[in-house]
Amino acid sequence: MRPHACQQKATSRQRHQRRQKLPRLGSCPPQCHANQRDQRHRAVDQRPRLDRRQKIRPDPQRQRHRHPQRQIHPRPDQRSAGRRQPAEQRPRHAGAHPDTAFAHPRRAHRIRDDAVGQVCHACFSARPCLRITPKPSRLMVSERLTRPMSDTTAQARPAEDRPSQARPVVTRFAPSPTGYLHIGGARTALFNWIYARGRGGKFLLRIEDTDRDRSTPEATAAILKGLTWLGLDWDGEAVSQFAGRDRHAEVAREMLARGNAYKCFATQDDIESFREAARAEGRSTLYQSPWRDVDPARHPDAPYVIRLKAPREGATVIDDQVQGEVTFRNDQLDDMVCLRSDGTPTYMLAVVVDDHDMGVTHVIRGDDHLTNAARQVQIYHAMGWDVPVFAHIPLIHGPDGKKLSKRHGAVGLEEYQAMGYPAAGMRNYLTRLGWSHGDDEFFTDSQAREWFDLGGIGRAPARLDFKKLENLCGQHIAASADAELLPEIEAYLSAAGLPALTETQRDGLLRGMYCLKERAKTFTDLIEKARFVLVSRPLDLDEKAEKALDPVSRGILMELTPQMQNASWTRNDLEATVAAVAEARGMGLGKLAGPLRAALAGRTVTPSVFDMMLTLGREETLARLVDQAA
RNA sequence: GGCCCGUUCGUCUAUCGGUUAGGACACCAGGUUUUCAACCUGGUAAGAGGGGUUCGACUCCCCUACGGGCUGCCA
């Protein structure tokens, strides 16, 4: 029996080998960490995984070196604990007494059972801290926190948390058509799409075009085109938010009628001077309208906006699937404008009304909306509507870690198509960016649908890494069926403004696809490598090819040509024929491959010479050889 | 300024109170070879800083630093 990990002092090399080869033993001392970990790993089942190498070249020899842990790694959904648990499974505050009216904003402190009645060691602080003790009657709450849980302390309890209300999932993507489709926006759309599709739900598209000055039909078209390219299909028609403006106004009036909103006659100047004064005095600049409690009988006949009468006491809590429980004190949230003085709705009102009317159950969007979510929840409450499940995902940053902007080059989605990235690779990369499922890196759409969950989304912004994108795209191209690749390549050519394929070129490309796809990371790459089959005689030779075809080489080609004529056009036979000529000349295959490459492609960097011969066919190959033979 | 969010190899991330902190991309070295790739083998490389709680902290708490968001009759 081989010694287990814990019985050796390991070098990093040994560590690696052990991971690869050593069987896991149950005979180690109980305190052996490696053993404990293995027990955990062994407890979970093994799932089939898509392995590129395995798929393309089934070679049992290679399988021997697979990492044992990779195959039995616990899936996130099988983990027993962790911050990644969805809120509905997460114990809100383990051990908390039901009578407890106070909760720590984010997490409960863990305190030993024998610490009952003592000051919290963890935080003695000004923060609300819920003591976790086995004796709830002796719960201690810091004096400063003795703030009654008022009725206005609203909590955004996701509808999904209530088991009785399990509804089919409805997600939406709501871009504003003021420019191209941003790569970050594309990822948001993708998350919504996968989530809905993975749960048999609906994915809706709503164009947020209430800003009439900045919205353009061109931008809308670009967004639809981009989503279509990425393969994100939406249910029903894309709806225009602007079209629903009457309904939005109606809701604003209803809030007015319910006493949850009020008319504010303050002018821009009033607001500005309020803010200036607040700044000067060091007070909060959140606007506090003097019209909040004015009797309607005393309202002037002047333009007004409708503001939400937001609660001023208590707090609003967002139970976010990504960010956790986030608490905003209501005195930090102002009475936002819902209906502008020209009668048009603001974004804040329109999203809520639309999401409600469209039956959206899960709002997955950028975390720049996290604070907005608190304001929006207040509208949901004002109207007595169910609050959707929120998931605020971090934004994507450029390779330098800064916010994405034009200077990062490709920012619009359409640029990625023109650069030759396949949509499947793009989906894979974007899904994996900021979301994880154990160690899985390469996966198919159906795996993504099966695995994707909100709890697997990270909270830190991720950077774009083009190398990894390329790598993943290369794997997807290699794994695709030849026939599926062709239309994608043609779409790429058109997007990149390159000439379309002729019938002959299309046939040739398809014949050579088997070898081209394995070496290309992008379609740009693939087309470049396919050059030999796309061009027709007479070939133009580049400088290096010209050099490779010196008189001696041309002589060899002359000798080779008749031999080739007799070869049966199979790889084995071709190899044998060329090897025989090389041997007769006392040279290696390498020496002969150079001139052959130059003659067949006019370049010195190409696929394998035999692959080229097979792709070109006997007639074309011989013609090209004759062209260059001395 | 106020409020909110974040910080593990260069990058994406795993682990989520006990691991020798794992994987992938990138990088370096070696191998294979018919050029370029691909492929194979090996390697370098990480818990922002400081306190606290704990037998034990990357993991829980606090502070600081840095980054980001919101603070509009923009979305």
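Reminder, nothing fancy here: chain letters follow the sequence lines and each chain counts from 1.
Taking the P atoms as reference points, B:A37 lies 34 Å from B:G47, given to the whole Å. As rounded to the nearest Å, B:U64 and B:C58 have P atoms that lie 22 Å from one another. Taking atom C1' on both B:A45 and B:C39, the two are 24 Å apart, rounded to the nearest angstrom. Here, B:A38 and B:G31 have their C1' atoms 14 Å apart, quoted to the whole Å. Across B:C61 and B:U53, the matching C1' atoms stand 7 Å from one another, rounded to whole Å. Rounded to a whole angstrom, the distance from the C1' atom of B:A48 to that of B:G6 is 12 Å. Atom name C1', nucleotides B:A46 and B:C12: the rounded distance is 13 Å, in whole Å. Rounded to a whole angstrom, the distance from the C1' atom of B:G1 to that of B:G18 is 44 Å.
Side-chain atoms of A:Q332 lie closest to B:C3 of the nucleotides B:C73, B:G23, B:C3. Checking B:U13, B:C73, B:G2 against every side-chain atom of A:A462, the shortest atom distance belongs to B:U13. For A:S436, the listed nucleotide lying nearest its side chain is B:U13; candidates were B:C12, B:U13, B:A75. Counting only heavy atoms from C-beta on, A:R432 has its side chain closest to B:G23 among B:G23, B:C73, B:U7.
A donor-acceptor pair is defined here as one N or O able to donate and one able to accept, closer than 3.5 Å; no such pair exists between the side chain of A:S436 and the backbone of A:G438. Side chain of A:D320 to backbone of A:E325: no donor-acceptor contact under 3.5 angstrom is found. In this structure, the side chain of A:N428 engages the main chain of A:E441 through a donor-acceptor pair within 3.5 Å. Not a single donor-acceptor pair under 3.5 Å links the side chain of A:R463 to the backbone N or O of A:G398.
Counting non-hydrogen atoms under 4.0 angstrom, A:G434 reaches the backbone sugars and phosphates but no base. No engagement by A:R283 is indicated, since no non-hydrogen atom pair under 4.0 Å with the nucleic acid exists. Among the heavy atoms of the strands, none lies under 4.0 Å from A:A579. Contact annotation for A:H369: base contact, defined as any heavy-atom pair under 4.0 Å involving a base atom. Using a 4.0 Å heavy-atom distance criterion, A:Q268 is classed as a base contact. Looking at heavy-atom distances under 4.0 Å, A:T344 makes no contact with the nucleic acid at all. Residue A:N372 is in base contact, counting any heavy-atom pair closer than 4.0 Å across all strands shown. At the heavy-atom level, A:S284 lies nowhere under 4.0 Å from the strands shown.
Side-chain to base pairing of A:D367 with B:G69: no donor and acceptor N or O lie closer than 3.5 Å to each other. Interface remark: the A:E441 side chain does form a donor-acceptor pair with the B:G23 base, using a distance-only criterion of under 3.5 Å. For A:S341 against B:C73, a side-chain-to-base donor-acceptor contact under 3.5 Å is present.
What separates NE2 of A:H248 from P of B:A75 is a distance of 11 Å, to the nearest Å. Atom CE of A:M336 is separated from atom P of B:G72 by 12 Å (rounded to the nearest Å). We find that NE2 of A:H182 is positioned 19 Å from P of B:A75, with the value rounded to whole Å. One atom, CZ of A:R463, and another, P of B:G67, lie 12 Å apart when rounded to the nearest Å. Between A:L472 atom CG and B:A24 atom P there is a gap of 13 Å when expressed in whole angstrom units. Separating the CG atom of A:D368 from the C1' atom of B:G6 is a distance of 14 Å, rounded to the nearest angstrom. With rounding to whole Å, A:F328 atom CZ is found 15 Å from B:G69 atom P. In this structure, A:H397 places its NE2 atom 12 Å from C1' of B:U7, rounding to the nearest Å.
Nucleotide B:G18 has B:C55 as its partner under the Watson-Crick or G-U criteria, with both atom distances under 3.5 Å. Shown here, B:G1 forms a base pair with B:U71; the pair counts as Watson-Crick or G-U wobble because both key distances fall under 3.5 Å. Taking a pair to require two hydrogen-bonding distances under 3.5 Å in either a Watson-Crick or a G-U wobble arrangement, B:C36 remains unpaired. Nucleotide B:U11 forms a pair with B:A24, judged by Watson-Crick or G-U wobble geometry with both contacts under 3.5 Å. Figure legend. B:U41 is base-paired to B:A29; pairs are counted as Watson-Crick or G-U wobble with both atom distances under 3.5 Å.
With a 6.0 Å cutoff to the six-membered ring centre and a 45° limit on the axis angle, A:R283 counts as a cation-pi contact of A:F274. A cation-pi arrangement is not found for A:R432 relative to A:Y429, the charged atom failing to lie both closer than 6.0 Å to the ring centre and inside a 45° cone about the ring normal.
A salt bridge between A:D465 and A:K467 is absent, with no side-chain N of the basic residue lying under 4.0 Å from a carboxylate O of the acidic one. Under a 4.0 Å N-O distance rule, the pair A:R603/A:D542 qualifies as a salt bridge.
Checked by atom type, the side-chain pair A:Y514/A:D611 shows a donor-acceptor distance below 3.5 Å. A donor and an acceptor atom, one from each side chain of A:H437 and A:D453, are nowhere located under 3.5 Å apart.
Phosphate proximity of B:G2 to A:R279: absent, as no side-chain N or O sits under 4.0 Å from OP1 or OP2.
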If the sugar-phosphate is the primed atoms plus P, OP1 and OP2 and the base is the rest, what is the B/S/- string for nucleotides 26-36 of chain B, using protein heavy atoms under 4.0 Å?
-> S-------BBB
